[in-house]
Amino acid sequence: GENVEQHPSTLSVQEGDSAVIKCTYSDSASNYFPWYKQELGKGPQLIIDIRSNVGEKKDQRIAVTLNKTAKHFSLHITETQPEDSAVYFCAASPFGSSNTGKLIFGQGTTLQVKP
Amino acid sequence: NAGVMQNPRHLVRRRGQEARLRCSPMKGHSHVYWYRQLPEEGLKFMVYLQKENIIDESGMPKERFSAEFPKEGPSILRIQQVVRGDSAAYFCASSPNYGEMGTQYFGPGTRLTVL
């Protein structure tokens, strides 16, 4: 079935360094790839998303790249700050015949930014 | 503009009782998704609804679980005869658009504990 693999499961960086989280997906027809940030006790917050007609998208310190041939996409956070510490989830929306937009999530990456 | 609202935020039930979780989508959004998050895991899709219609319930357990999104009022996720394995965080997300074109915005979640 549809599957999204996310790595690493935990990531610790020094403040100011960059952080990279990678995801692979199984459904080659997936067209939409959002990234969510989840802080303890809160709901997931959309931070950036990319659609399959674009290879890269950037928003200030956050960027996402998409390689449809290899079926993987990555989140890049530059100049990390302690407030970036959270759990990050990637997701893919399988196209399929129903095309209902349901999201298939990765397992999450716990990012810790050390001051 | 208020975001997605969910209540209650915390719900404690004893085995065999019923749990009712409510979700009010963002203003102008007519699409609601429910997801379940087990401790230290990613979110799993349960059901997708539009007003008065269940569009995709492929992730919903066949027994004890039901969902509705009436013409008036919030979407309801109902769990009958709860068991300990139902303990999880339940999130709803709303979207203004149909299918994979619709960005999903999440609520704060309801944390269900079954004693």
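In the text below, chain A, chain B and the rest are named by the order of the sequence lines, each starting its count at 1.
Residue B/Gln6 does not touch chain A at all, counting heavy-atom pairs closer than 4.5 Å. Of the atoms belonging to A/Leu46, it is side-chain heavy atoms, and not backbone ones, that fall under 4.5 Å from chain B. Of the atoms belonging to A/Pro44, heavy atoms from both backbone and side chain fall under 4.5 Å from chain B. Contacts of A/Gln45 with chain B are absent, with no heavy-atom separation under 4.5 Å from either backbone or side chain.
A ring-centre distance under 6.0 Å is not found for B/Phe45 and A/Phe105. Annotation: B/Phe106 is in aromatic contact with A/Tyr36 [ring centroid separation under 6.0 Å]. Aromatic ring centroids of B/Phe91 and B/Tyr33 lie 6.0 Å or more apart.
Using a 30° and 60° split on the angle between ring planes, A/Trp35 and A/Phe73 fall in the perpendicular class, above 60°.
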